[in-house]
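All residue numbers in this chain count up from 1 along the given sequence.
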Amino acid sequence: MGPPMASSSDVVPLSSSARGRLGNGGQLSFTGHWRPSCSCVRSFTAGDKHKETETHRQRGRKRGLTHIMAHQQQIGVEGKEVILNCKRHDKDVIWKYKYDAVSPATIIQLSTGKVFKGRTPMSDRSEINQNSKHLKVSNLRISDAGTYICECGSDSNSISLHVVKLTISSNGHFLPDDDLELTLMHNSHNPQPRFSITLFNSHNSIVTPDILQNEAPQKYVLKLKQLKTTDSGTWMCNMHSDSPSISQNISFNVKVLGFENTHLERMYAAADSTVTLSWHLNFQKIGWKKFFTGQLNWTQSKAVTLLDFNATADGQLRETKKSSQTLFEIPEMQRDSTVKVKLPKIQLRHSGEYTCQLLYNRRYIQSKTELVVMQVSANPPGPLPKGAEMTLLCRVSSSIPSNIHLLWERVNGTQTDIKKSKQSETEVEVKVTAAGMWNCHLMEDNNMKLSLNYTVEEAPVWISYTVIGVIIGAGVLMFVLVCLGIMFGMSWQRRRQRAKRMARARQHLLEKKTCQCQHRMNK
């Protein structure tokens, strides 16, 4: 991928000193984001021009030769366009192409207002400006390098065109921690320059890549390891040569798909509050147009998929599947490239790890948010009767790092009214015997992340008396019930003993009667 296509107006004028070396009206044109610091090579000095006598010009004309007025150096990028300047504005002009020892071949000819194209490889991609006589070659190819000659009658000027092919791995689309590999192929007519290459990132800072291959002057391979989302933007590659004198900048785009924040985040929330978790994707910001998919998962004891989505060709997010979980609300996706999940009136069961995952080219990146829910409660709940005791409990839903602790603190209390949890404990309790407000703080490295309060109210006197009455009444009732139970038990025991005596008496009478009958029968 190279710099964006430029129009023919992207012409960089030379300084006055450069114009003096090239002749009147000298200027060079560059496509894309090229910003040359030195655009030409001096082929003829001022002294050389004075040595050319009229006799030499006449001899050249008699022999049918063309007088070369100036020689320039220019660079183009494959796939872009380049504009080559003709120094003469005669009515008729011929542009020719020459490479190595091959005879010049006609690219295009302007004669009496008509344009004729030759049979060179670039003829079909060439246009001639009938006013300025400049040649524009579109969709430049690396094989187009060579010498271009503009002939106007007996005079001409030549331009040595260098062509660079810039190739970026993955077509410039990456995920975080990917490696960027940059390949530069160079082709030109002899002499071929040896380039030194400087790489600037999207923040215009020089970076030092690894050199994988250096087959100067034809091929250069550079590698930059572990890209980050902040590396997205326009990069610049400066190619500099001392002989011939060339210094050119080639821009290219790097796009690293990801999140605004990719590190693990921990969010603390109070029970019964409403929380919205969100992940901001950067694909719209960097102009990412490639297709990718995504998922939103919730993991507690097991992983549950809450949402499936993908990115459309016009750079919008589209929901493809939504979970039927009633614990969560998934808002409709907006045009701000943000994935959201809403948790209304959260409880301890909402805690866990929420992960947004992006999948591109069989690889993925993810951003995690851990939700920790904090809750305070009292046992027994309600007002505190006079002389009674209450236990206040503060707890979090999941394990916490060693640098985090819970702290109960009584408002306007003394140092003794503070209770701190032990290392990595998920709860802390405090015994309360008097009314007042208590705060439970969640502290991380002595910084308060969340605070919940619980107000212990003292029960009114009549409630205390009522409670005492109820207790006494319950005691009396219990005593009465016990007494009644004892009496009932004793009565039941007496009835049972009486029944046993009567049963024994009947048994005794029956045995006596049986004995008398047997005695009579024996008589």
Would you call [X] and [Y] a salt bridge, using N to O less than 4.0 angstrom?
{"X": "Lys223", "Y": "Glu181", "value": "no"}
{"X": "Glu78", "Y": "Arg141", "value": "no"}
{"X": "Lys225", "Y": "Asp177", "value": "no"}

| request: Give the ring-plane orientation class for Phe195 versus His186, where under 30° counts as parallel, over 60° as perpendicular and anything between as tilted. | output: perpendicular
Polar side chain donor-acceptor pair, [X] to [Y], under 3.5 angstrom:
{"X": "Asp272", "Y": "Gln347", "value": "yes"}
{"X": "Gln73", "Y": "His162", "value": "yes"}
{"X": "His441", "Y": "Glu409", "value": "yes"}
{"X": "Thr293", "Y": "Asn310", "value": "no"}
{"X": "Ser232", "Y": "Lys255", "value": "no"}

Evaluate the side-chain proximity of [Y] to [X]: yes if any heavy-atom separation is below 4.5 Å, no if none is.
{"X": "Tyr268", "Y": "Leu371", "answer": "no"}
{"X": "Ile250", "Y": "Val164", "answer": "yes"}
{"X": "Val432", "Y": "Trp438", "answer": "yes"}
{"X": "His240", "Y": "Asp242", "answer": "yes"}
{"X": "Glu329", "Y": "Pro344", "answer": "yes"}
{"X": "Glu425", "Y": "Ile400", "answer": "no"}
{"X": "Leu140", "Y": "Val163", "answer": "yes"}
{"X": "Ile168", "Y": "Val254", "answer": "no"}

| said: On a heavy-atom basis, which atom in Glu370 and which in Ser399 lie closest, and how many Å separate them? | reply: OE2-O, 4.3 Å
| request: Considering non-hydrogen atoms only, spot the tightest contact between Gln295 and Phe309 and give its length. | output: N-CE2, 3.6 Å
| request: With rounding to the nearest 0.5 Å, note down the distance linking CD in Gln248 to OG in Ser241. | output: 11.0 Å
| message | To the closest 0.5 Å, what do you measure between OG (Ser169) and CG (Leu224)? | response | 10.0 Å
| Taking the six-membered ring for Trp, are the ring centroids of Tyr354 and Trp279 within less than 6.0 Å of each other? | no
| message | Are Phe291 and Tyr360 an aromatic pair, judged by ring center distance below 6.0 Å? | response | no
| task | Let me know which of Asn201, Asn253, Asn204 forms a side-chain hydrogen bond (donor to acceptor under 3.5 Å, both in side chains) with Thr234. | result | Asn253
| field | Among Leu359, Asn361, Leu257, Ile365, the one residue meeting side-chain contact (heavy atoms from CB on, under 4.5 Å) with Phe292 | value | Leu257
| task | Provide the full list of salt bridge (Lys or Arg N to Asp or Glu O under 4.0 Å) pairs with a residue in residues 393-408, sequence neighbours left out, each pair given once. | result | none
| said: Would you say NZ of Lys322 has more than 12 non-hydrogen atoms from neighbouring residues, nucleotides or ligands within 6.0 angstrom? | reply: yes
